[in-house]
Amino acid sequence: MTERLSEQGSLALFTDVEMPLVPVLAEIERNGFLLDVEGLRALSKELERDLDQMIKAIEGLAGGEFNINSPKQLATVLFEKLGLKPIRKTKTGYSTDEDTLTQLRHSARIARADCELSEPQQTQVHLCGCVTGIGESGDQAAPYVAQSDRRGDRTALFYRSESAKYSGEGRIRITNQRSVYRTGRPHLALRRLQPDRAAHPAHLSQDPRLLAVFAKGEDIHMATAMEIFGLPSSQITRDMRRVAKTVVFGIVYGISPFGLASNIGVPQADAKKYIETFFEKFSAVRALMDRNIEEGKTKGYTTTILGRRRPIPELQSGDPVQRGFGERMAVNSLIQGSAADLIKVAMIDVNRRLCHELPHTKMILQVHDELIFEVPEKELEEAKHLVKTEMEATGKKLGLSVPLKVDLGTGHNWRVAHP
DNA sequence: GAACTCACG
DNA sequence: ACGTACGTGAGTTCT
C-alpha cells in the first residue's frame, strides 16, 4: 500500500512499520491488563471527601455556592464578585486556568484555595482509556494507550484497554501506589527507551557535542545544563538540570523566549540567553531545524527518520503567524514522529521474539517511549534480558549513530516499576 | 459541538 | 507590532 501511494506521487502517510504493527496492537488489546478496582474505589472515596471540603472552603471565601467546574462561573466570582484583576483573556472571557490561578494566589486566598483544589480533583478516579488505532489523521505518533497521573502523593493510575471495555471481565490491570505486593500476581516490567528521546535528534543533527554525550553514555540533561550554564557537573543543581531539560524540549517545539520564561519562571532575558547559548553550543541542532523547515517549505511536507510524511500546508502560507505554526509543526513532527518510528520497530521486534521464546510474557502497554509487560515471576530475568537486547538492537538496525539505551523498572505495580 | 482545562509524552 | 511550545485523549460546561 505504501508503495502504491508513493508511486502515485501521493503521500506516504504510513511507513513499512505500520502494517506489521497491527497484529502487535491487536495482541496488546487482547491481553488487556489487571486493575486494582478496590484500591481505586477506596482512593476515589478519599479524594471525593477532600474535594468536598475544599469546595466548601472556596464557597465560603466566595460568599456563596457556585460550580467550580465552570470556568465561566469561576471567572465571575474571581473577577466580578471579588474584583480580582484578570491575568489574560480567552476567546469568550477571562482565563481561569492553573497558570492564572497561580499568579492570583499571591493576592487572594480564594485563588490559593482553588490552586490546591486542582490536585486532588484531577486525580479523581476517571478511567481514561484511550486506545486509538494508528494515527487516523496520518500525522505522527499516534499514542495507543496512555494516561496516568503522577502528581502528588496519592497518584492513581488509570489504564484501560479496549478489550477490557468490551469483555467486561475485569481483565484490566492496574497499579496504584496502594496496591500491595501480592504473590502469585504477574510481575510487571517496564522498559524505557533512551531517556527523553534525545538519541535520534543527536543522530539526525550529527551534532558533535550531542554525539559525544551519547557515545559516553552520559546524562543528556546534565550535559546540556553544563553547557547552558557554563558550569562543571559538580555545580549543577537539580533545578538547573530541570531548566536545561525544559530548554531542550522547548527548543524542539520552537519555543520563544517569552514561552520559555513563563514556563520555567525566569525573566525573559534569561530565557533568551538559555536559548541562544544552547544554539551556540549545539549549532548542528539549529542547522537540522533549518534544513527540515526549508525542505518542508519546498516539498510541502516533512519526513521522519523512516520516511513517514506529514503534509504541512501552513509552511507555504503568506501569513507569517501561520508560517510560524507550520515551522514549529515541522520540527516537532521530525522529532516526535521519528521517536514513534523507533518505538514501533521495537514493538514489532520485541513481540516477535517474545512469541517464540517467552510466550507467557505479555506486552500490555506502550506509552510513547516505554513498553510495559506482564511477566511471570519465574521468567523475569530472561524477559528483562530479551527486551533490553531487542530494544537496544532497534537503534543499530536503523543505523543510528548513537547507541540506544533502555532503562528498566520492575515491580508488582506501575508506581513501583516506574523509573 | 465548541470552548476550556487537564493529563501524558 | 504581533504572538509567543508540539501532539495525543478526556471530562465538564455551555451554546
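Not measured: the values here are computed from a predicted model. Convention: sequence-line order gives letters A, B, ...; per-chain numbering from 1.
- In this structure, OH of A/Tyr253 is placed 6 Å from C1' of C/dC6, rounded to the nearest angstrom.
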Would you please test A/Glu295 and A/Arg291 for salt bridge (charged side-chain N to carboxylate O under 4.0 Å, His left out) and show each step? CA-CA 6 Å; A/Glu295 196 184 315; A/Arg291 236 178 14 249; over 6 Å; no
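- One can place CZ of A/Arg328 at 12 Å from P of C/dG3, the figure rounded to the nearest angstrom.
- When the nearest nucleotides of DNA chain C are assigned to A/Met329 and A/Phe258 by heavy-atom distance, the more 5′-ward of the two goes with A/Phe258.
- Between A/Lys72 and C/dT12 there is no side-chain polar atom (N or O) within less than 4.0 angstrom of OP1 or OP2.
- Between A/Glu327 atom CD and C/dC2 atom P there is a gap of 20 Å when expressed in whole angstrom units.
- For B/dA7, the paired base is C/dT8 (Watson-Crick or G-U wobble, both distances below 3.5 Å).
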Show the numbers, then the answer: is there a salt bridge (charged side-chain N to carboxylate O under 4.0 Å, His left out) between A/Lys362 and A/Glu27? CA-CA 9 Å; A/Lys362 309 271 187 208; A/Glu27 208 179 311; 5.5 Å; no
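- Remark: A/Asn67 is in phosphate contact with C/dT13, judged by side-chain N or O atoms under 4.0 Å from OP1 or OP2.
- One atom, CG of A/Asp319, and another, P of C/dC2, lie 14 Å apart when rounded to the nearest Å.
- Among the heavy atoms of the strands lying under 4.0 Å from A/Ser95 are primed sugar atoms or P, OP1, OP2 only; no base atom is included.
- Nucleic acid contact for A/Phe325: sugar-phosphate only, since backbone atoms but no base atoms lie under 4.0 Å from a heavy atom of the residue.
- Distances shown here put every side-chain N or O of A/Thr96 at or beyond 4.0 Å from the OP1 or OP2 atom of B/dC4.
- Using bins of under 30°, 30° to 60° and over 60° for the plane-to-plane angle, the ring pair A/Tyr94/A/Phe79 lands in the perpendicular bin.
- Annotation: of the two residues near DNA chain C, A/Gln73 and A/Thr246, the 5′-most nearest-nucleotide partner is A/Thr246.
- Contact annotation: the side chain of A/Lys397 approaches that of A/Asp349 to within less than 4.5 Å [non-hydrogen atoms, C-beta and beyond].
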